[in-house]
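Worksheet for the structure shown next.
Since the structure is predicted, the reported quantities are computational estimates derived from the model, not experimental observations. A note on names: the letters A, B, ... follow the listed sequences, proteins ahead of strands, and every chain is numbered from 1.
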Number of protein chains: 2
Amino acid sequence: MSPTLVDIARETKTSVSTVSRVLSGGAMANRISKATRDRVKEAATRLGYRPNLLARSLRTRKTHTIGLIVSDIANPFYGYIGSLIERSLSKSGYSLMLCNSAEDANREADYLRLVTQRGIDGLILVPLLKHKKNLQTMVPSGLPLVLLDRPITGVDASVATDQEQAATVLCDTLAKAGVRKVAVIAGPEYVSTHRRRAEIFAQRFELVAPVHHGPAHKETGRAAFREMLPRLSEAQAICCTNNFLAQGVIDSVAQIDLKSKPPIVAVFDEIPMMDLLPIPIVCSIQDVTQLAETTVAQLLTLLEDPAAKLEPVMIPAKPLSNRAFQVISFAPQPVAEAATA
Amino acid sequence: MSPTLVDIARETKTSVSTVSRVLSGGAMANRISKATRDRVKEAATRLGYRPNLLARSLRTRKTHTIGLIVSDIANPFYGYIGSLIERSLSKSGYSLMLCNSAEDANREADYLRLVTQRGIDGLILVPLLKHKKNLQTMVPSGLPLVLLDRPITGVDASVATDQEQAATVLCDTLAKAGVRKVAVIAGPEYVSTHRRRAEIFAQRFELVAPVHHGPAHKETGRAAFREMLPRLSEAQAICCTNNFLAQGVIDSVAQIDLKSKPPIVAVFDEIPMMDLLPIPIVCSIQDVTQLAETTVAQLLTLLEDPAAKLEPVMIPAKPLSNRAFQVISFAPQPVAEAATA
DNA sequence: TTGTACGCGTTATCAA
DNA sequence: TTGATAACGCGTACAA
């Protein structure tokens, strides 16, 4: 077993408290004579002492660790934002423990319990659950908590992209290009972001088929494409509520005849290397850096003062289109609309 | 504060041990009369009791938690493999704590310390450090440990793609297409996978410029492309040691004249939607599912018997090319070579 | 069937 | 400048 304070105390003919004071390093260490201090330090390194953080945290009620529960770590969006949050937190002396709820309510509950019971100083959550009540039963009041990407009404500390604005700039861009009829492929209806995005599409354009809902994976995009294929010729655009769905669609487009002009693909988040794709694409780009930094900022203020009053933050998105889109964007039926270029 | 066993004992006129026995649930619970059992349970839910896992783990020396430290969670490869490992472990009753060393030796050390001192039952590591010695000083002997993606000589429990084979099938495919001269863009030289891949490229083909090393990000790919541009016309292929670098290269290709025939891009890992890209691409695809499952299997056997003797596992990769590549693959100078299709 | 008492490894309080 | 000693919250051998 790993040596403990007792071992070092015995080895060095002192007491555990002395050893603790020396090894904890703080201001207390200076109150110990240099002689014993050196003796203790020497013994510690010689025996390979490693403090038991479980015991320390049990005593101090601090862990210097933040929990982050995301809904799908396989999605590069969350991977990227996770890496930014980690870097930002480490500057403030916090470590990050990342958990993946995999868009599964049971797993979310499990990790919520695990992470809170295991001791963390703060929590960042991309929630699956939708109501403040359920949240309150899962996480102890008093624990600094910031919601990320999916706000919940009534919870003050939250950071997310402005869904209405993000969808609006996307629709504006499409409308300017003359789009009137679209097909919509969306993620799970019970996820607020997906649902809301789909609603806005449906509100702004005429649908050639009912909205297709499914897990936010490539496979759903492909399946939806196959299913909607007969009606797709009427649509000027295919609207996807996230990048995975869109990649499935784009994959499928590759399988069919590219000579007939392909529909525009409208999508949230980035499509890698889209400038080279022979399909017109327009994205609503979230400001990931801003999301990460604001989230950490909110959490840090909460960490300082758990009673701090915060307000939900909305961060605007920017539309971005590829070359193929810019070529066709002088299409018929321009619509007068204020675009937030 | 959250209620403890003492609170419930007081509330229910029993002792902590009784409460503990009931709430721990195991075989002990049946040795308690149904009457008090119900009374205790009722009080527990009424007071909203949540066991303190720090204290429990301190006592039992078990956490049912596995640590996973990856080198770059922003890379979809690690995000995906992380999600697979998480799912697989949760079937065996373990939770996963994911940490991001961000390809930074200090952070790796920090998390290694944190995660081991904080108590985990096992560890999966994508190591940055290269020598068994350094590893041994960081992680306590006796802790079940499996290396992922980057083997270290002398460490038995490790799972990785067979780098030699993966690079070989890639080179074979290129050679068959008549490639003789290439440019190589590689990740950090101190990372074994990147270094080894670059070496094999250099060994099989003639280089039009020295190998370009840099952080494994898109930006490096772009910079390398710019820098090598003058010499690129002589190269029939650009070889990248990971997908991020390749995406940077592909982005850059989009900026130049596409009418002159573009070079082949050879790369490890997947390039999304590559069938639609107007550039010939050939990838060496790692079997991520297999990697994840084997890693978990190794860890589970180690968890059962920490003294179990394991052997490093190598998993073969498969070459995959896109449409644009298949069109040009009847190029001159075919080379007789056994391809592992 | 239930309660008492101790230990897990650490920090904090109080004397000396 | 140091050392006993009591928590932190939990599980469990031992006793009743």
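An OP1 or OP2 oxygen of C:dT4 is reached within less than 4.0 angstrom by no side-chain nitrogen or oxygen of B:S17. Contact check, B:R56 against D:dG11: a side-chain N or O comes under 4.0 Å of OP1 or OP2. Dashed line: the shortest gap from a side-chain N or O of A:S57 to OP1 or OP2 of C:dT10 is not under 4.0 Å. For the OP1/OP2 pair of C:dC8 and a distance below 4.0 Å, the side-chain nitrogens and oxygens of B:T60 include no atom meeting the criterion. For A:R37, no side-chain nitrogen or oxygen approaches OP1 or OP2 of D:dT1 to under 4.0 Å.
The distance between atom CG of B:L53 and atom C1' of C:dC8, rounded to the nearest whole Å, is 15 Å. Distance, B:K13 NZ to C:dG3 P: 12 Å, rounded to whole Å. One can place CG of B:L58 at 12 Å from P of C:dT11, the figure rounded to the nearest angstrom. When the P atom of D:dT12 is taken as reference, atom CZ of B:R21 falls 10 Å away, rounded to whole Å. Spacing between atom CG of A:D7 and atom P of C:dG9 amounts to 8 Å, rounded to whole angstrom units. When rounded to the nearest whole Å, the span between CG of B:N52 and P of D:dC10 equals 6 Å. With rounding to whole Å, B:I8 atom CD1 is found 13 Å from D:dG9 atom P. For the pair A:I32 CD1 and C:dA12 P, the computed distance is 14 Å after rounding to whole Å.
For A:Y78 and A:D149, the side-chain atoms include at least one donor-acceptor pair closer than 3.5 Å. Side-chain contact annotation: A:T65 with A:R118, donor-acceptor N/O pair under 3.5 Å absent. B:Y190 and B:E103 form no side-chain donor-acceptor contact under 3.5 Å, judged by distance and modelled atom types alone. No side-chain donor from either of A:R56 and A:S24 sits under 3.5 Å from a side-chain acceptor of the other. Using modelled atom types, one finds no donor on one side chain facing an acceptor on the other under 3.5 Å when comparing B:S20 with B:S17.
Nearest nucleotide to the B:R61 side chain, out of C:dC8, D:dC10, D:dA4: C:dC8. Distances were taken from every side-chain heavy atom of B:R31 (C-beta onward) to each of D:dT12, C:dT11, C:dT1; the shortest belongs to C:dT1. Side-chain proximity of A:S15 to D:dC14, D:dG3, D:dG9: nearest is D:dG3. Among C:dT10, C:dT11, C:dA12, the nucleotide with an atom closest to any side-chain atom of A:S20 is C:dT11. Comparing D:dG9, D:dT1, C:dG9 by their nearest atom to the side chain of A:R59 picks out C:dG9. For A:T18, the side-chain atoms get nearest to D:dG3 when compared with the rest of D:dG3, D:dA13, D:dC10. Side chain of B:S24, nearest nucleotide from C:dT10, D:dG9, D:dG11: D:dG11. You'll find that the side chain of A:T4 is closest to C:dT10, out of C:dT10, D:dG11, D:dT12.
Taking a cutoff of 4.0 Å between a charged side-chain nitrogen and a carboxylate oxygen, B:K309 and B:D156 qualify as a salt bridge.
Comparing A:V16 and B:N30 along DNA chain C, the residue whose closest nucleotide (by nearest heavy atom) sits nearer the 5' end is B:N30.
Not a single donor-acceptor contact under 3.5 angstrom links the side-chain atoms of A:R50 to the base of C:dG9.
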